[in-house]
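Residue numbering restarts at 1 for every chain, and letters A, B, ... go by the order of the sequence lines.
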Number of protein chains: 2
Amino acid sequence: MSAASVPGSAAWWRGHEERLARRRPHTDGLTLEVVLTEALALVDAEGMDALTVRALATRLGTGSSTLYRHVASRDELLVLLVDAVLGEVRLPDPELPGRERVEQLSTELRRVLRSHPHVVPALSGSPILGPNAMRASACGLDNLLAAGHPPERARAAYLALLDYVLGSVAFDAAAESPGATHDRRPRSDDVFAFGLTTFLDGLERG
Amino acid sequence: MSAASVPGSAAWWRGHEERLARRRPHTDGLTLEVVLTEALALVDAEGMDALTVRALATRLGTGSSTLYRHVASRDELLVLLVDAVLGEVRLPDPELPGRERVEQLSTELRRVLRSHPHVVPALSGSPILGPNAMRASACGLDNLLAAGHPPERARAAYLALLDYVLGSVAFDAAAESPGATHDRRPRSDDVFAFGLTTFLDGLERG
DNA sequence: ACCTGAACACCGTTCAAGT
DNA sequence: ACCTGAACACCGTTCAAGT
């Protein structure tokens with residue numbers, strides 16, 4: 001398998017845009033968009049393990065081999081699914097002050113991912129370089145620049161913050177501190193907000 | 001499947017300890033420890049997809065059904081594997097000041113997980129509640145208490161910090177900021193250290 | 001009682017045969 | 001040219017048959 005064909009890599013995404021552009025309509029009514037919409041519905045409803053090529057095909061009223069005319073592999077499907085979810089992220093109002101935008105985007109990314117919890121493990125499977133990821137990513141970096149941090153520092157802060165947000169989504173259901181009891185779920189958002197504030201405080205005064 | 005039997009859950013871990021205690025030696029020379037050691041070697045060498053029950057059995061010189069006498073399912077194997085990896089974490093010297101211990105444990109956890117990169121995605125699959133996880137977890141909370149933070153605050157900081165460390169391991173190879181070029185790998189440790197310092201600064205002065 | 005070969009019910013993926 | 005049923009090479013897991 002050539003490097004360019006690894007789903008999710010930068011080279012793969014470049015090839016994917018090209019492929020989409022020169023694609024002619026299929027004779028079946030099926031669109032990649034419909035495939036992804038239905039895949040997401042299936043994952044949301046029944047979990048990631050339920051997203052088999054066969055089950056998705058059945059849901060779409062075709063055979064599994066038909067899906068391979070829209071998607072090259074299950075891995076590719078997952079990569080596209082992750083970016084589709086990231087397409088739900090609403091960017092903050094650019095009129096707002098930098099720090100507020102940082103807080104809003106972080107919280108919004110977390111909200112979107114938590115609304116599709118079964119998709120989250122797929123985030124760590126491959127790089128996150130799709131168009132919707134890049135859109136949010138560019139915004140995230142801009143916000144930190146707008147907050148007054150020099151480029152190098154803004155970039156480090158952006159990357160660290162992204163790790164924190166993604167980590168909070170991927171692991172907050174997973175992690176548990178010793179002596180913790182019930183009702184930790186309602187607190188998860190509080191912990192996230194606390195960590196975000198703490199980090200941004202350190203960034204401002206550091 | 002009863003709730004108690006979900007691998008990785010608190011109830012499952014309790015049952016597991018019991019099961020281990022009353023286990024009599026198997027007539028084949030095989031031990032759970034050997035199974036896990038070999039599983040980790042296989043994952044490290046060939047990736048998570050290569051860890052099939054059949055491949056592991058072959059590596060151990062048996063049939064796949066034999067493995068089910070040591071492990072109830074592949075999911076259970078992954079849960080045990082994660083805790084085995086966490087067993088490699090060395091706790092910091094308790095004589096050190098609180099903040100230094102926090103930094104050392106965070107960095108050590110990251111180091112261990114990065115030395116088994118293919119295991120990392122399995123971290124987000126189930127809760128992290130094994131004995132080795134709890135040992136490191138208790139230490140993490142203690143360090144923050146020792147650093148002078150009241151319990152509620154120490155606990156929130158511990159959870160946020162854990163999300164950050166795990167996120168940095170799970171996503172730093174995955175994430176990319178716009179305009180980033182080559183040689184980001186050597187910088188990944190710098191970004192982590194920056195984020196850690198920033199968070200702890202915010203925590204001290206907040 | 002302990003062990004395990006062979007079978008079961010699935011997978012993702014391919015491709016020859018159909019239209 | 002486009003589509004897809006049927007087949008291939010795998011899975012995880014079970015259990016009847018062996019010792």
Side-chain angles (χ1 to χ4, degrees), chain A residues 1-2 5-8 12 16 19-20 22-32 34-36 38-39 42-43 46-82 118 121-122 125-126, chain B residues 1-2 5-8 12 16 19-20 22-32 34-36 38-39 42-43 46-82 118 121-122 125-126:
Chain A
M1 163 148 18
S2 80
S5 72
V6 176
W12 178 87
H16 182 251
R19 253 171 279 130
L20 275 187
R22 81 164 61 122
R23 178 168 295 184
R24 279 175 303 177
H26 293 227
T27 55
D28 57 3
L30 220 48
T31 317
L32 178 57
V34 173
V35 171
L36 291 178
E38 217 58 39
L42 180 55
V43 170
E46 302 181 42
M48 189 52 83
D49 287 351
L51 180 62
T52 68
V53 176
R54 287 166 142 96
L56 180 56
T58 300
R59 204 179 224 271
L60 289 164
T62 31
S64 60
S65 61
T66 299
L67 282 190
Y68 284 88
R69 307 192 57 68
H70 297 88
V71 162
S73 66
R74 186 176 184 273
D75 278 354
E76 187 172 305
L77 179 67
L78 293 189
V79 165
L80 293 170
L81 200 60
V82 165
H118 294 125
S126 11
Chain B
M1 159 149 21
S2 81
S5 72
V6 176
W12 177 88
H16 182 251
R19 254 171 278 130
L20 275 188
R22 80 167 61 123
R23 179 168 296 184
R24 279 173 304 175
H26 293 225
T27 57
D28 57 1
L30 220 49
T31 317
L32 178 57
V34 174
V35 171
L36 290 177
E38 218 58 39
L42 180 55
V43 170
E46 303 181 43
M48 190 51 84
D49 287 350
L51 181 61
T52 68
V53 175
R54 287 165 141 97
L56 180 57
T58 301
R59 204 181 225 269
L60 290 164
T62 31
S64 60
S65 60
T66 299
L67 282 190
Y68 284 88
R69 304 193 59 69
H70 296 89
V71 161
S73 66
R74 186 176 184 273
D75 278 355
E76 187 172 305
L77 180 66
L78 293 189
V79 165
L80 293 170
L81 200 60
V82 165
H118 294 125
S126 11

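- To the nearest angstrom, P of C:dC3 lies 13 Å from CG of B:Leu67.
- The CZ-P distance, from A:Arg54 to D:dG5, rounds to 12 Å in whole Å.
- Look at CG on B:Asp28: it is 18 Å from P on D:dT19, rounded to the nearest Å.
- The minimum heavy-atom distance linking A:Leu56 with A:Leu77 is given by the pair CD2-CD2, 3.8 Å.
- Per the geometry, OH belonging to B:Tyr68 stands 19 Å off C1' belonging to C:dC2, to the nearest Å.
- Base contact: A:Ser65 has a heavy atom under 4.0 Å from a base atom.
- Remark: C:dA1 base-pairs with D:dT19. Criterion, Watson-Crick or G-U wobble with two distances under 3.5 Å.
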Q: Could you give me the CA-CA distance, side-chain angles and deciding distance for B:Val35 and B:Leu80, then say whether side-chain contact (heavy atoms from CB on, under 4.5 Å) is met?
A: CA-CA 10 Å; B:Val35 171; B:Leu80 293 170; over 6 Å; no

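- Distances shown here put a side-chain N or O of A:Thr66 below 4.0 Å from the OP1 or OP2 atom of D:dT4.
- For the pair B:Arg69 CZ and C:dC3 P, the interatomic distance rounds to 5 Å; values are reported in whole Å.
- The interatomic distance linking A:Arg74 (CZ) with C:dT14 (P) rounds to 15 Å, in whole Å.
- Here the closest non-hydrogen pair linking A:Arg74 and A:Val53 is CB-CG2, 4.3 Å.
- Residue B:Ser64 is classed as a base contact, given a heavy-atom separation below 4.0 Å to a base.
- Across the protein-nucleic acid pair, B:Leu60 atom CG and C:dC3 atom P stand 15 Å apart, rounded to whole Å.
- The distance between atom CE of A:Met48 and atom P of C:dC11, rounded to the nearest whole Å, is 15 Å.
- For C:dA6, the paired base is D:dT14 (Watson-Crick or G-U wobble, both distances below 3.5 Å).
- Not a single donor-acceptor pair under 3.5 Å links the side chain of B:Thr31 to the backbone N or O of B:Val34.
- Using atom C1' as the reference point in both C:dT19 and C:dC15, the two lie 16 Å apart (nearest Å).
- A side-chain donor-acceptor contact under 3.5 Å links B:His70 to the backbone of B:Leu30.
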